There are 2 protein chains.
Amino acid sequence: MPRPAEPTAAGRTVVERRARVDTQRQMELFHSRLKQRGLKSTAQRDDIARVFFEIGHHISAEQLYAEVKKINQHVGYATIYRTLRLLKECDLVSERHFDDDQARYEVVGERHHDHFICERCGKIIEFENESLERLQEAVARELNVTLTRHKMELYGLCSECLAQSR
Amino acid sequence: MPRPAEPTAAGRTVVERRARVDTQRQMELFHSRLKQRGLKSTAQRDDIARVFFEIGHHISAEQLYAEVKKINQHVGYATIYRTLRLLKECDLVSERHFDDDQARYEVVGERHHDHFICERCGKIIEFENESLERLQEAVARELNVTLTRHKMELYGLCSECLAQSR
DNA sequence: TTCCCTGCAAAAGTTTTGCACTACT
DNA sequence: AGTAGTGCAAAACTTTTGCAGGGAA
């Protein structure tokens, strides 16, 4: 069981545990939302969606394509992108742009979280911090805007890379 | 003189005033840093840099190209990108990736700030919030990582678009 | 005079689209 | 059967690079 990080006066930061995604449930949601919109379920869409939900977060289209290829030779890049767009429209996937050029995708629907990205090894740590969420809302009120979403990204060196570099 | 937004218990949010960039000073810095590195000052580099510093924040390469074209027909896209890279290497410009696909550039060297982006009109509001900065540092400590940089982006509707939509 | 810099065009990398064919429902 | 979905290849778009000619130091 992973331990939450130490709390501080600033709020508690919780590192998210992996394997939160219930693939089966996500697939059912996908199918029902396709049906709602009069769209079809196909072998390719299912393969792509299942692989995506199983692998989970922060995958690029390129990686997803490679993984799907392993179980289904017949899938083209276009279908990967079209299915990712479909998943976004079904509110099951969101698209992120970290500092590299290609988009990364992650499962939607769990609690909001933010990201730390290690600039050396590329590791991505997801975390939640309640104070941060509240503070973002407070800032939005002060700016007199309404928020639909927000994101925070921290960049630096993770503990392993830090240890390794001295 | 622009007024700071209302303070809250969460900290004071200050909307940044525009026209902070002293073009002349930035140009001098550019020239001296070129000289330091044994590189040349050229008409194209000067034109691109000057236009960039005058227009300021959040410009894309495409926009910059269009603006520079107005005062110098002879500039190619390649030189725009090469000069932007050079300005980054001289620590005068930083590159940002908001949610669209093309990179945007901004002047470096002022205090750290974050961004609100209006999803309807595309307006970008820069702001500073000291509590947010402290909180990000606290999170980094809890995650046991060191931070080199961080960014926060808020997305939503600005007050004007909000008023207009009801 | 030297070699850095530039423009052009072509290449590279990611994402989208047109089209003929396939396959859900 | 009818219509949406797919694969392939080509296009679109942003950014980078090769190369031959031009210009700053």
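Fair warning: this is a prediction, and the values are worked out from it, not measured in the lab.
Of the possible polar contacts, none joining the A:T83 side chain to the A:I80 backbone as a donor-acceptor pair under 3.5 Å is found. With B:T23 contributing its side chain and B:R50 its backbone, the two residues share no donor-acceptor pair below 3.5 Å.
Protein atom CG of B:L86 is 12 Å distant from nucleotide atom C1' of C:dC4, rounded to whole Å. Here the P atom of nucleotide C:dG13 and the NE2 atom of B:H97 are 17 Å apart, to the nearest Å. Taking atom CG on A:L34 and atom P on D:dT6, their separation rounds to 10 Å, with Å as the unit. As rounded to whole Å, 14 Å separates atom C1' of C:dT15 from atom CG of A:L64. For A:Q63 and C:dT14, the CD to P distance is 11 Å, given to the nearest whole Å. Rounded to whole Å, the distance from CD1 on A:I48 to P on D:dG5 is 13 Å. In this structure, B:R85 atom CZ and C:dC4 atom P are separated by 15 Å, rounded to whole Å.
Comparing the axis of the opening five pairs of the helix from C:dT1-D:dA25 to C:dT25-D:dA1 with that of the closing five pairs yields an angle of 30°, rounded to 10°.
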Give the table of side-chain donor-acceptor pairs shorter than 3.5 Å for residues 39-49 of chain B, with sequence neighbours excluded, one pair per line with atom names and distance.
| residue | atom | partner | partner atom | Å |
| --- | --- | --- | --- | --- |
| B:T42 | OG1 | B:R45 | N | 3.1 |
| B:R45 | NH1 | B:K40 | O | 2.8 |
| B:D46 | OD1 | B:H31 | NE2 | 2.9 |
| B:D46 | OD2 | B:H31 | NE2 | 3.3 |
| B:D47 | OD2 | B:N72 | ND2 | 2.8 |

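Only one option out of A:R96, A:H115, A:R104 pairs with A:H58 in a side chain to side chain donor-acceptor pair (under 3.5 Å); it is A:H115.
Shown for residues 36-47 of chain B: residues whose heavy atoms fall under 4.0 angstrom of DNA chain C, namely B:L39, B:K40, B:T42, B:Q44, B:R45. Of the residues in residues 71-82 of chain A, those with a non-hydrogen atom less than 4.0 angstrom from any atom of DNA chain D are A:H74, A:V75, A:G76, A:A78, A:T79, A:R82.
B:Y65 and B:L84 fall within a single hydrophobic cluster, where Ile, Leu, Val, Met, Phe, Trp and Tyr are joined by side-chain heavy atoms under 4.5 Å apart, directly or via other members.
Qualifying side-chain hydrogen bond (donor to acceptor under 3.5 Å, both in side chains) partners for B:N144, counting only residues two or more places apart in sequence or in other chains: none. In terms of the side-chain hydrogen bond (donor to acceptor under 3.5 Å, both in side chains) criterion, residue partners of B:R149 (sequence neighbours excluded) are, by chain and number, A:D99, A:E119.
In this structure, a donor-acceptor pair under 3.5 Å is present between the side chains of B:H150 and B:E133.
Salt bridge status for B:R134 with B:E130: present, with a side-chain N to carboxylate O gap under 4.0 Å. The pair A:K70-A:E67 meets the salt-bridge criterion, since a charged nitrogen lies less than 4.0 angstrom from a carboxylate oxygen.
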Stepwise side chain to side chain contact (heavy atoms under 4.5 Å, CB included) test for A:I124 and A:F98: CA-CA 10 Å; A:I124 297 174; A:F98 296 130; 3.9 Å; yes

